[in-house]
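Take a look at the structure below.
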Amino acid sequence: MEFFNAYVWPTIEIIFWILVIIVPIILGMAYLTYAERKIIGAVQLRKGPNVVGWFGLLQPIADGLKLLTKETIIPSGANRVIFVIAPMTTFVLAMIAWAVVPFGYSDVSGGPEPEKWVLADINVGILYLFAISSLGVYGIIMAGWASNSKYAFLGALRSAAQMVSYEVSIGFIMITVLLAAGSLNLTEIVLAQKNHGIAHMIGVPELTFLNWFWIPLFPMFVIFFISVLAETNRHPFDLPEAEAELVSGYNVEYSAFIFAMFFLGEYINMILMSAMTVVLFMGGWLPPLDVSWLNWIPGPIWFAGKVAFCLLIFILARAALPRYRYDQLMRLGWKIFLPTSLFAVVAVAGVLLSFGWLPK
Amino acid sequence: MVVQALAFYAFAAVLISAGIMVVVSKNPVHSVLFLILCFFNAAGLFVMMGAEFLAMILVIVYVGAVAVLFLFVVMMLDVNFTELREGFARYLPIGLVIGVVLLIELIVLVSGAIPIGKASGPVAKAIAKQPSGHNTEMIGRLLYTDYFYLFQAAGMVLLVAMIGAIVLTHRRRDGVRRQSIAKQTARKSSESIRVVDVKPGEGL
């Protein structure tokens with residue numbers, strides 16, 4: 001019985017909470033592909049998927065089943081072990097990052113001790129997210145190398161260079177945010193956007209969306225979002241899979257379920273990066289106005305709504321923008337974003353110090 | 001706690017076996033991948049010791065950046081595996097000497113001939129000031145106050161290394177056509193397009 005209480009029960013509990021987080025994310029990912037096809041269809045005056053189920057709502061499930069039941073083909077010259085491990089790496093890395101993402105905060109005045117709605121409330125949450133997102137490149141490099149195909153390899157090399165370049169500016173932007181928030185813990189970063197900021201300065205504390213970091217750090221917000229597009233290999237920076245020149249890039253040789261894992265991993269990474277943008281710049285689970293009926297809506301719903309808004313911009317960017325040339329991409333990352341974000345770290349630190357706005 | 005002990009032995013065992021695999025695997029790409037596994041397990045050990053900041057920095061810097069470049073280079077190189085094996089016997093004695101020296105150092109430390117485990121100087125003061133503080137904050141306070149000059153010196157060394165790498169590899173080649181982005185964006189349609197009214201049946 002003691003063994004049960006000490007080990008078995010906590011294990012069951014943690015598995016339950018992991019499922020509570022993972023199942024909505026996988027469902028969300030499935031319908032993100034649907035939303036992407038529908039929205040791009042609308043932009044291009046098409047209907048998008050509309051045959052399977054009402055309004056094509058069962059399309060992602062049909063796609064998933066199709067990929068599950070197909071035959072897995074491994075090229076004869078491929079390095080079999082690494083070939084199979086690569087998509088797993090992408091998928092697992094996209095999943096484990098969700099451990100530190102905060103979805104809400106139960107703060108009832110006069111009630112019990114406030115509870116953080118997060119699986120692992122670690123002190124270095126933002127570093128953990130950064131570490132995991134910097135590992136995403138491995139799945140792609142391993143896939144490109146193990147496929148033993150020139151298109152896959154070229155795609156992987158492009159991707160590696162691209163992701164490493166944009167990570168640098170993402171890192172600096174994170175530093176500006178955590179200077180302003182005064183903590184590496186993601187829950188603390190969101191709470192830092194709650195009770196002081198521009199809305200309080202101009203004397204209208206109800207407009208809480210003005211308190212979020214996207215206004216004081218607006219240039220950083222824009223650069224962060226563009227870097228995130230590059231980091232997730234999305235349009236207009238999807239050079240690793242540029243179908244016009246590289247067929248489909250690093251995943252040409254993949255089929256069936258191992259391809260589905262790449263697909264899952266990439267889309268979950270998009271959702272994750274949107275969640276990161278929401279936590280750092282858009283006030284996490286906080287409602288946009290401090291009005292009682294908006295406060296009554298639970299935090300996770302606000303969080304999901306904001307994430308969906310970011311994803312909408314991801315999709316619209318894909319619909320609207322042509323692909324960058326590779327040298328333009330590198331120039332943007334190293335010659336524009338890196339100096340700007342480096343300068344912003346100094347500028348934000350200087351402003352916080354000289355105006356006495358340093359947190360704590 | 002049993003779980004802690006089990007986790008420690010799991011991390012340590014995987015770390016050591018992956019370390020051995022780095023040296024013995026035939027394919028250099030596999031070596032680098034095992035090296036990454038090593039870094040991960042070392043990060044796990046750091047987390048178990050409560051040094052979560054160091055663990056994350058290890059993953060970000062070594063796994064996220066350094067090992068990517070290793071992998072990049074190793075994949076691009078056309079390595080001859082048989083030649084690589086031949087060098088093994090030649091460098092074995094030096095490797096063994098270094099290994100034995102490290103082993104002796106470790107044994108001396110573990111056997112307790114030199115007292116360890118007690119922090120002294122500014123570190124001890126910092127720990128006393130913040131017994132349960134976040135170690136990120138403690139490391140920051142120490143680095144930017146007591147060890148400021150050493151920290152700056154380390155930064156200078158890295159800067160010199162970076163400039164050195166650029167100077168060594170950068171070369172100007174003649175006859176390379178470069179793009180001038182400013183010139184490209186400053187172009188106007190009036191300077192580059194000529195609208196000609198072509199009469200039917202005549203051509204230009």
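All values derive from a computational prediction rather than experimental measurement. Just so it is clear: chains get the letters A, B, ... in the order the sequence lines come, proteins before strands, and each one is counted from 1.
- Between the side chain of A:Y138 and the backbone N or O of B:V63 there is at least one donor-acceptor pair closer than 3.5 Å.
- Atom CZ of A:R331 sits about 4.5 Å away from atom CD1 of B:I181, to the nearest 0.5 Å.
- One finds the CD1 atom of A:I126 at 11.5 Å from the OG1 atom of B:T136 (value rounded to the nearest 0.5 Å).
- Contact of the B:M75 side chain with the A:F153 side chain is registered, since non-hydrogen atoms from C-beta on lie closer than 4.5 Å.
- Heavy atoms closer than 4.5 Å to chain B are found in both the backbone and the side chain of A:L127.
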Derivation and outcome, side-chain contact (heavy atoms from CB on, under 4.5 Å), residues A:I122 and B:E52: CA-CA 9 Å; A:I122 60 175; B:E52 74 265 3; over 6 Å; no
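- Using a 4.5 Å cut-off between heavy atoms, A:I82 contacts chain B through its side chain alone, with no backbone atom that close.
- Heavy-atom contacts from other residues, nucleotides or ligands closer than 6.0 Å to CZ of A:R80 number 12 or fewer.
- Heavy-atom neighbours of A:F83 CZ from other residues, nucleotides or ligands within 6.0 Å: above the threshold of 12.
- For chain B, the nearby part of A:N79 is the side chain; its heavy atoms alone come within less than 4.5 Å.
- Using a 4.5 Å cut-off between heavy atoms, A:L135 touches chain B through its side chain atoms alone.
- The distance from the CD1 atom of B:I60 to the CD atom of A:E167 is 9.0 Å, given to the nearest 0.5 Å.
- For A:S134 against B:G64, the heavy-atom pair with the smallest separation is OG-CA, 3.7 Å.
- Each of B:L71, B:V59, B:V29, B:L69 has some count of heavy-atom pairs under 4.5 Å with chain A, and the biggest count is that of B:V29.
- Top candidate by heavy-atom pairs under 4.5 Å with chain B, chosen from A:V164, A:L157, A:L184, is A:L157.
- Of the atoms belonging to B:L58, not a single heavy atom falls under 4.5 Å from chain A.
- In this structure, chain A has heavy atoms under 4.5 Å from both the backbone and the side chain of B:A67.
- No more than 12 heavy atoms of other residues, nucleotides or ligands sit less than 6.0 Å from atom CZ of B:F70.
- In this structure, chain A has a heavy atom under 4.5 Å from the side chain of B:F72, while its backbone stays farther away.
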